[in-house]
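Report on one structure; see the data block that follows.
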Amino acid sequence: MGLIKTDFYIKKHLDMAHIFKVLGHPARIAILEHLLKIDTCICGDLVDEIGLSQSTISQHLKELKNLDLIQGTIQGTSVCYCINFSKWNEISGVTNEFFNNNPNTAANCC
C-alpha cells in the first residue's frame, strides 16, 4: 500500500495543524471568547450571543469538544459548556512554543 500524505509529517505537526483547523473558524473563536467571559454557558445562550442557528452552534461545539477544548455537563434538557483549562493550557503551550521559535530576530528576509 502506498503512503498517504500525512505520512510525510510528524505527529507534532499533524496535531498542531488540527488545532489550527479547529480554531480557524470565527464562530468557534466567538464561542470560546464567550465561554471565557462568563466561565459557563448553556447552549441556548450561545445561540443568542453568537447569532447562529442552534444546529450550527451545535456543530461548532462538537468540533471544540472533539479537540477537548471545552467540556459539558447535561442538566435536564440543556448542556452546560465550559473551557477545559487543562487542554487550554496545553494548546497555549504548544502554540507559544511554535510562535516563539524564532532564532532570527533580525529582519534579514527578502
Side-chain angles (χ1 to χ4, degrees):
M1 175 163 293
L3 290 174
I4 57 175
K5 290 182 182 181
T6 56
D7 289 339
F8 293 112
Y9 305 103
I10 62 174
K11 183 177 180 339
K12 175 182 169 182
H13 295 160
L14 295 170
D15 290 347
M16 191 175 302
H18 179 68
I19 290 167
F20 289 134
K21 182 177 181 179
V22 171
L23 296 178
H25 196 288
R28 294 181 196 141
I29 300 299
I31 289 169
L32 290 171
E33 282 185 340
H34 184 68
L35 291 176
L36 285 166
K37 180 174 66 175
I38 65 167
D39 195 32
T40 189
C41 183
I42 296 175
C43 193
D45 293 344
L46 287 170
V47 170
D48 296 337
E49 179 70 23
I50 308 297
L52 298 173
S53 71
Q54 176 66 51
S55 61
T56 302
I57 293 290
S58 292
Q59 281 301 114
H60 291 300
L61 289 169
K62 179 181 174 185
E63 291 296 324
L64 292 168
K65 193 162 181 162
N66 285 342
L67 186 59
D68 201 26
L69 197 48
I70 62 171
Q71 50 196 11
T73 56
I74 298 172
Q75 297 176 342
T77 58
S78 298
V79 180
C80 184
Y81 290 99
C82 63
I83 300 292
N84 177 355
F85 283 104
S86 174
K87 186 67 170 187
W88 181 273
N89 292 334
E90 177 187 325
I91 289 173
S92 178
V94 168
T95 55
N96 284 337
E97 178 184 330
F98 176 72
F99 284 114
N100 291 329
N101 186 17
N102 182 8
N104 263 336
T105 54
N108 47 344
C109 179
C110 55

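If you're wondering where the values come from, they're calculated on a predicted model, not measured in any experiment.
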Running the 4.5 Å side-chain criterion over Ile, Leu, Val, Met, Phe, Trp and Tyr, what cluster does I38 land in, apart from itself? none
State which residues pass side chain to side chain donor-acceptor pair (under 3.5 Å) with [X]; sequence neighbours excluded, sorted by chain then number.
X   : result
D15 : K11
N96 : S92
T95 : none
D45 : none

What's the spacing between L23 CG and H18 NE2 if we round to 0.5 Å? 9.5 Å
Gap separating the OG atom of S53 from the CD atom of Q59, nearest 0.5 angstrom: 9.5 Å
Pairs meeting criterion ring-ring contact (aromatic ring centres under 6.0 Å, His included) with involvement of residues 30-53, two or more places apart: none
Give me each pair satisfying ring-ring contact (aromatic ring centres under 6.0 Å, His included) with a member in residues 40-68, each pair once, sequence neighbours excluded. H25-H60
Non-hydrogen atoms of [X] and [Y] that approach each other most closely:
X   : Y   : answer
Y81 : L61 : CE1-CD1, 3.5 Å
I50 : A30 : CD1-CB, 3.6 Å
Q71 : I83 : NE2-O, 4.0 Å

Please name all residues satisfying salt bridge (Lys or Arg N to Asp or Glu O under 4.0 Å) with K65, sequence neighbours left out, ordered by chain then number. none
Which residues share a salt bridge (Lys or Arg N to Asp or Glu O under 4.0 Å) with D68, sequence neighbours left out: none
Validation row: [X], [Y] side chains within 4.5 angstrom (heavy atoms):
X   : Y   : result
N84 : L69 : no
I31 : L64 : yes
T73 : V79 : no
L32 : I70 : yes

May I have all residue pairs that pass salt bridge (charged side-chain N to carboxylate O under 4.0 Å, His left out) and include part of [range], sequence neighbours excluded?
range          : result
residues 69-80 : none
residues 23-37 : K37-E49
residues 69-94 : K87-E90

Can L14 be reached from F98 by stepping across I, L, V, M, F, W or Y side chains whose heavy atoms are under 4.5 Å apart? no
Between L67 and V94, is there a shared hydrophobic cluster once you connect ILVMFWY residues whose side-chain heavy atoms come closer than 4.5 Å? no
Pair F85, L36 - check side chain to side chain contact (heavy atoms under 4.5 Å, CB included), show working. CA-CA 10 Å; F85 283 104; L36 285 166; 3.8 Å; yes
